[in-house]
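Each remark here refers to the structure printed beneath this line.
Predicted, not measured: the structure shown is a model, and the values here were computed from it. The figures here come from the full heavy-atom set of this structure, side chains too, leaving out hydrogens, waters and symmetry mates. Chain identifiers are assigned alphabetically (A, B, ...) following the order of the sequence lines, protein sequences preceding nucleic acid strands; residue numbering begins at 1 within each chain.
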Amino acid sequence: MSNIVFMGTPQFAVPILKKINQKYKINCVFTQPPSKSNRGQKFTKSSIHICAEELNLEVKTPKKIDEEFEYLKELNLDLVIVVAYGQLFSKKILDLSKRGFLNIHASLLPKWRGAAPIQRSILNNEKKTGISFMKIDEKLDSGPVCNKYSIDILDQDNAEILSEKLSYLSTEKILENVQKVLDGEAIFKEQDHSKATYAKKIQKIEGKIDWNNSARKIIAQINGLYPKPGAWFELNNKRYKILKAKKNKQSATIGEVIDEQMTIACGENSINIIEIQKEGKNPQLIKEFLLGNKVRKGTIITSE
RNA sequence: CGCGGGGUGGAGCAGCCUGGUAGCUCGCAAGGCUCAUAACCUUGAGGUCGGCGGUUCAAAUCCGUCCCCCGCAA
C-alpha cells in the first residue's frame with residue numbers, strides 16, 4: 001500500500017480527487033484554508049475541502065505548507081498528487097516524497113505556466129490547449145513532463161466549459177499516470193525552458209470591454225473570463241456583464257447599438273449578445289432582458 | 001457587523017419617493033385576417049404584489065422583522 005497525499009483547491013480538482021479516491025487510499029487532502037469571502041464576508045471552504053469531507057478524508061489547510069513538514073515526514077510519502085493547489089513548494093518539502101510531487105497543469109507546457117492557463121488560452125484565441133502531467137520542482141510549473149494530452153478549443157468554449165473538459169480529460173488519464181509513477185516507469189522529460197510563457201492571474205479590470213477592439217477579441221474576452229470575473233461594460237452607471245455573445249458582420253460607429261436586439265458595434269465587426277447580466281440581477285437571455293430593459297437602437301456605449 | 005441592487009399573473013419589467021379601481025413588453029388560450037406565418041387584429045384566462053407583524057378609514061406603496069436571489073469589494 002502506497003502512502004499518497006492529494007493537494008488541490010478549486011472545482012477543477014474535484015473530479016480528479018474523486019477518481020483517485022476510487023482506486024487508492026489517500027492519507028490526507030491538503031487544500032487552501034477557508035477564507036472570508038463573498039457577500040457578508042463569510043468563511044468559505046474550498047471545493048476540494050468540501051469534497052474531501054464528503055469522502056471522509058482527513059483535511060489539512062496550512063497557510064504555508066512548511067507548517068506541516070513534520071506531519072508529511074511522518075507519513076513516509078510515496079507520492080503527492082497536486083492539482084491547482086495554489087502554493088509553491090520548497091526543496092525541503094519536495095524531498096519528502098519518494099516518487100516526487102506529480103502535478104496536473106491545465107496547459108501544454110512549457111506554454112502557459114502559472115495561475116490562469118485556461119483563461120489565457122481562450123483570451124489569446126488559441127486553437128488548442130490541454131493538460132500536462134509533470135513533476136514539480138521549486139520553480140513555477142517548470143518541472144519535467146511525463147505526458148501531455150491536447151484538446152481543441154472550439155468557438156463556443158468558454159473558460160468554464162473548457163475547464164470542465166480539461167478536468168474530465170484529467171480524470172480519464174490520472175490513474176494510469178499515477179500507477180506508472182508509483183511503479184517508477186514514468187519517463188519525465190525536461191521542458192524546453194526557452195519556449196516558456198506565463199499565464200498571469202486574471203485581474204478584474206481585464207473584464208472591462210474596450211469597444212475599439214475587434215469583435216473577435218471581445219468575444220475571446222467574454223469567453224475567456226466566463227463566468228468570473230466576466231466581461232462587462234457600463235451604461236447609465238450600471239454594470240452589464242456579457243455572458244455569451246457571437247460575432248456579427250455588421251459594423252457601425254464603435255460602441256453603437258445597431259438594432260433592437262442589442263447588437264453592438266466593435267472596432268471591427270460587431271457582436272450579438274446572447275446572454276447578459278445586469279448588476280444585481282440574474283443572468284438573462286437577451287430576449288428576456290430586452291422585454292423589460294429598453295436599450296434603444298442608436299445608443300452609444302462608451303468604453304470610459 | 002465590508003458596500004449595494006432586487007423579490008409584483010408563466011417570463012422579463014414599471015408602479016413605491018408624493019398610500020386610495022394592478023400596468024407594460026412577451027408567453028398562453030380562443031376567435032378573426034391571410035395562400036401562409038414567428039406577422040397583424042379582437043377577446044380571454046391567470047396575481048395572497050416573498051413571509052409575518054405594525055401604522056392607517058385605506059398598504060404593492062410607510063415602519064419593524066424574517067426568508068430567498070444577485071452585483072461589487074476582499
Can you find a side-chain donor-acceptor pair between A/Gln191 and A/Arg113 that sits under 3.5 Å?
-> yes

If you measure only the distance, is there a donor-acceptor pair under 3.5 Å linking the side chains of A/Gln119 and A/Tyr226?
-> no

Rounded [atom1] spacing from [N] to [M] in Å:
{"N": "B/A59", "M": "B/G19", "atom1": "C1'", "result": "6 Å"}
{"N": "B/C17", "M": "B/A60", "atom1": "P", "result": "12 Å"}
{"N": "B/C52", "M": "B/G46", "atom1": "C1'", "result": "26 Å"}
{"N": "B/G6", "M": "B/C16", "atom1": "P", "result": "13 Å"}
{"N": "B/C69", "M": "B/C1", "atom1": "P", "result": "24 Å"}

Under 4.0 Å between any heavy atoms, over every strand shown, what does A/Lys204 touch: base, sugar-phosphate, or nothing? Just pick one.
->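 Result for A/Lys204 = base.
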
Salt bridge (Lys or Arg N to Asp or Glu O under 4.0 Å) partners of A/Lys45, counting only residues at least two apart | A/Glu53

Using the test salt bridge (Lys or Arg N to Asp or Glu O under 4.0 Å), find all partners of A/Lys201 that sit at least two apart in sequence or belong to another chain.
-> none

From CG (A/Asn27) to CG (A/Asp78), nearest 0.5 Å |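 That separation rounds to 9.0 Å.
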
Counter-base of B/G2, judged by Watson-Crick or G-U geometry with both distances under 3.5 Å | B/C72

So, are A/Lys91 and A/Glu138 salt-bridged, with charged N and O less than 4.0 Å apart?
-> no

Pair A/Arg120 + A/Glu126: basic N to acidic O under 4.0 Å =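 Here A/Arg120 does not pair with A/Glu126 in a salt bridge, since their nearest N and O are not under 4.0 Å apart.
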
When the distance from CG of A/Asn282 to P of B/G6 is rounded to whole Å, what number comes out?
->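 Whole-Å distance recorded here is 14 Å.
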
Pairs touching residues 93-141 of chain A that satisfy ring pair (Phe, Tyr, Trp, His ring centres under 6.0 Å), sequence neighbours left out = A/Phe89-A/Phe101, A/Phe133-A/Tyr149

Let me know, please, whether A/Phe289 or A/Lys294 comes out on the 5' side of the other along RNA chain B by nearest nucleotide.
->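 First, find each residue's nearest nucleotide; the 5'-ward one identifies A/Phe289.
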
Can you list the other members of the hydrophobic cluster that holds A/Tyr198, where links are side-chain heavy atoms under 4.5 angstrom apart?
->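 A/Leu88, A/Leu140, all in the cluster of A/Tyr198.
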
Tabulate atom names and distances for all N/O pairs under 3.5 angstrom spanning the protein and nucleotides 66-68 of chain B.
none

Could you work out which one of B/A73, B/U25, B/G4 sits closest to the side chain of A/Asn38?
->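 Of all the options, the side chain of A/Asn38 is nearest to B/A73.
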
Expected list for residues 220-239 of chain A near RNA chain B, using heavy atoms below 4.0 Å, is A/Arg239

